[in-house]
> 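Following this message is one structure expressed as structure tokens.
No experiment lies behind these values; they were computed from the predicted model shown. In this chain, numbering begins with 1 at the start of the sequence shown.
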Amino acid sequence: MRLFDPHIHMTSRTTDDYEAMHAAGVRAVVEPSFWLGQPRTSPASFLDYFDSLLGWEPFRAAQYGIAHHCTLALNPKEANDPRCAPVLDELPRYLVKDQVVAVGEIGYDSMTPAEDTALAAQLQLAAAHELPALVHTPHRDKLAGLRRTLDVVAESALPADHVLVDHLNETTVKEAKDSGCWLGFSVYPDTKMDEERMVAILREYGPEQVLVNSAADWGRSDPLKTRKVADLMLAEGFGEDDVDLVLWRNPVAFYGLSGRLDLDVATPDATHEGNSILRGAPKDLDEAPSGTPGQRDDPAVAPAPGA
């Protein structure tokens, strides 16, 4: 079984998660830029974060045979902070990068005028850069938020079939589907969707243009939810082709609209900018592959004191 998690925040996850995801069948991920928990205080902190999504995270993912791409944006929550707004002027130089397969997450958090402005501006950036857009629907007043989102999309230069509307549920799926947008569902242990509700929606609305993600972050979440949805789909009578459509071909088709999706994972370098994900050396140094961070005598990859 091949799986593509189209929305997961691997910055908040450990290498153990990458290893478990690969064992479960995950071979590709897209990591949207998002709020980091503690508010950023300047555009510079966004730029360092964007750089990590373009460099460090693809390096970590490649160690476990997973292709990593990202989406970049000023997220809805921080669009309300005037200290962060100048990042909109910096985005164009990042949106030309090969690893960027959409503009996102954009959309609404509290449905403020500042969020209106940021959403409209970033939909225009997506259209100008010929990229699709990943849109976050608010956690509160979801139906009102969806309708407001669809109105702004309709007024933009970006066609609906280049927009993925995420965090949908039973109250929003029909109107989102009728709009022509792609449909995104985040499956969580306690909130948003769970596996049973997700399978029920697939049974009612079908698997076409549906993307299922784990959206795993620092809170209670599960990076293996894509596999759990796949397993339940099979147990509930869906065929293997349906599973492959929802959990592989649909995300490939949507992010493929960017023209940049590359699912081949090259043999990773031992380090990224002189840094390794490994700590210490293998128990038997004779078993360490040549040129890997396991070699104590390589100062470029040796762990720092106390690491």
Side-chain angles (χ1 to χ4, degrees), residues 2-13 15 17-18 21-22 24-34 36 46-75 90-107 122 125-127 129-136 158 161-166 182 184-186 209-217 223 225-226 244 246-269 272-273 277:
R2 55 182 183 174
L3 302 171
F4 188 144
D5 195 325
H7 181 153
I8 184 168
H9 300 292
M10 293 307 299
T11 294
S12 64
R13 312 304 303 192
T15 52
D17 293 314
Y18 273 123
M21 289 161 62
H22 185 273
V26 176
R27 296 296 181 267
V29 299
V30 167
E31 179 162 2
S33 57
F34 78 136
L36 291 181
F46 279 88
L47 304 188
D48 287 338
Y49 173 49
F50 292 168
D51 288 340
S52 74
L53 294 183
L54 291 164
W56 177 246
E57 282 306 320
F59 166 76
R60 284 211 307 157
Q63 308 297 311
Y64 296 94
I66 296 174
H68 181 288
H69 294 79
C70 65
T71 76
L72 301 182
L74 172 63
N75 68 81
E90 302 289 343
L91 274 172
R93 68 186 176 96
Y94 280 92
L95 296 181
V96 299
K97 303 290 187 181
D98 287 343
Q99 292 295 116
V100 180
V101 292
V103 177
E105 296 179 58
I106 58 177
Q122 292 182 101
L125 282 174
H129 288 80
E130 299 183 339
L131 290 172
L134 170 61
V135 179
H136 168 105
L158 195 67
D161 62 5
H162 280 55
V163 176
L164 170 58
V165 183
D166 214 343
W182 293 73
F185 297 87
S186 300
Q209 287 191 245
V210 171
L211 283 72
V212 173
N213 65 73
S214 69
D217 54 27
K225 281 295 188 182
T226 51
D244 192 66
V246 172
L247 291 157
W248 185 264
R249 301 197 312 271
N250 282 347
V252 168
F254 177 74
Y255 288 115
L257 294 170
S258 68
R260 300 175 182 172
L261 190 67
D262 183 359
L263 298 175
D264 292 329
V265 182
T267 301
D269 295 331
H272 173 70
E273 295 185 356
I277 62 171

> Hey, could you give me the CZ/CZ distance between Phe254 and Phe4, rounded to the nearest 0.5 Å?
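Atom-to-atom, Phe254:CZ and Phe4:CZ are 10.5 Å apart.
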> With a 4.5 Å heavy-atom cut-off, do His68 and Val29 have their side chains touching?
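Answer yes - side chains close enough.
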> If you look at every heavy atom in Leu74 and Gln122, which pair is closest and at what distance?
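Looking at all heavy atoms of both residues, the closest pair is N-OE1, 2.8 Å.
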> Taking all non-hydrogen atoms of both residues into account, name the closest pair between Pro132 and Ala126 and its distance.
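Heavy atoms only, the tightest pair is O-CB, 4.1 Å.
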> Any side-chain to backbone donor/acceptor pair from Gln99 onto Leu54? Under 3.5 Å, distance only.
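A pair under 3.5 Å: no.
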> If you look at every heavy atom in Ser186 and Ala215, which pair is closest and at what distance?
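What the structure gives for the nearest pair is OG-CB, 3.7 Å.
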> Would you mind listing every salt bridge (Lys or Arg N to Asp or Glu O under 4.0 Å) that reaches into residues 49-63, with sequence neighbours excluded?
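Found Glu57-Arg60.
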> Between atom CG of Asn75 and atom CD of Glu105, what is the distance when rounded to the nearest 0.5 Å?
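So the gap between those two atoms works out to 7.5 Å.
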> Hey, what do you get for CG (Leu3) to NE2 (His22), rounding to the nearest 0.5 Å?
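Reported to 0.5 Å precision, the distance equals 11.0 Å.
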> Return yes if some donor-acceptor pair links the side-chain N/O of His162 with the main-chain N/O of Glu130 below 3.5 Å, else return no.
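Checking the backbone N and O of Glu130 against the side chain of His162, no donor-acceptor pair under 3.5 Å is found.
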> So, the side chain of Trp182 versus the backbone of Asp161: is there a donor-acceptor pair under 3.5 Å, distance only?
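Yes, the answer is positive, given that a donor and an acceptor are paired below the 3.5 Å cut-off.
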> Would the distance check show the side chain of Asn250 and the main-chain N or O of Val210 forming a donor-acceptor pair, the cut-off being under 3.5 Å?
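Here the side-chain-to-backbone pair exists.
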> What is the ring orientation for Phe34 with His9, classed by angle as parallel under 30°, tilted 30 to 60°, or perpendicular over 60°?
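Phe34 vs His9 ring planes: parallel.
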> State whether the side chain of Ser214 and the backbone N or O of Lys225 hold a donor-acceptor pair below 3.5 Å, judged by distance alone.
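No.
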> Heavy-atom distance under 4.5 Å between the side chains of Trp248 and Leu263, does that happen here?
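A side-chain contact exists here, since the closest heavy-atom pair is under 4.5 Å.
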> I'd like to check the side-chain contact (heavy atoms from CB on, under 4.5 Å) partners of Pro223; sequence neighbours left out, ordered by chain and number.
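Pro223 satisfies side-chain contact (heavy atoms from CB on, under 4.5 Å) with Ile8, Arg13, Asp17, Met21, Ala216 only.
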> What's the separation between atom OH in Tyr255 and atom SG in Cys70, rounded to the nearest 0.5 Å?
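The OH atom of Tyr255 sits 10.5 Å away from the SG atom of Cys70.
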> Given 3.5 Å as the limit, does a donor-acceptor pair link the side chain of Thr71 with the main chain of Gly104, or not?
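Answer holds: yes.
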> Taking the side chain as every heavy atom from C-beta outward, state whether Glu90 and Leu72 have any pair of such atoms under 4.5 Å apart.
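No. Closest side-chain heavy atoms not under 4.5 Å.
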> Can you sort out the partners of Arg260 under side chain to side chain donor-acceptor pair (under 3.5 Å), two or more places apart, ordered by chain and number?
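By the side chain to side chain donor-acceptor pair (under 3.5 Å) rule, Arg260 matches no residue at all.
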> Would you say His129 and Val103 make side-chain contact, with heavy atoms under 4.5 Å?
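They are not in side-chain contact.
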> Taking Glu31 for its side chain and Thr11 for its backbone only, find out whether a donor-acceptor pair lies under 3.5 Å.
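A pair under 3.5 Å: yes.
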> As an exercise, state the distance from OH of Tyr49 to OG of Ser33, rounded to the nearest 0.5 Å.
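With rounding to 0.5 Å, OH (Tyr49) is 5.5 Å from OG (Ser33).
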> Show the nearest heavy-atom pair for residues Val265 and Ile66, with the distance to one decimal.
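Where Val265 meets Ile66 most closely, the heavy atoms are CG2-C, 3.7 Å.
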> What pair of heavy atoms forms the shortest contact from Leu247 to Thr226, and how long is it?
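Closest heavy-atom pair between Leu247 and Thr226: CD1-O, 3.7 Å.
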> If every non-hydrogen atom of Ile106 is compared with every non-hydrogen atom of Ala73, which pair is closest and at what distance?
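The answer is CG2-CB, 3.5 Å.
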> Is the shortest heavy-atom distance from the side chain of Thr15 to the side chain of Gln63 under 4.5 Å?
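No, their side chains stay 4.5 Å or more apart.
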> Can you tell me how far NZ of Lys97 sits from CZ of Phe50, rounded to the nearest 0.5 angstrom?
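It comes to 12.5 Å.
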> With distance as the sole test, does Asn213 use its side chain to make a donor-acceptor pair with the main-chain N or O of Phe185 at under 3.5 Å?
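Between the backbone of Phe185 and the side chain of Asn213 there is a qualifying donor-acceptor contact (under 3.5 Å).
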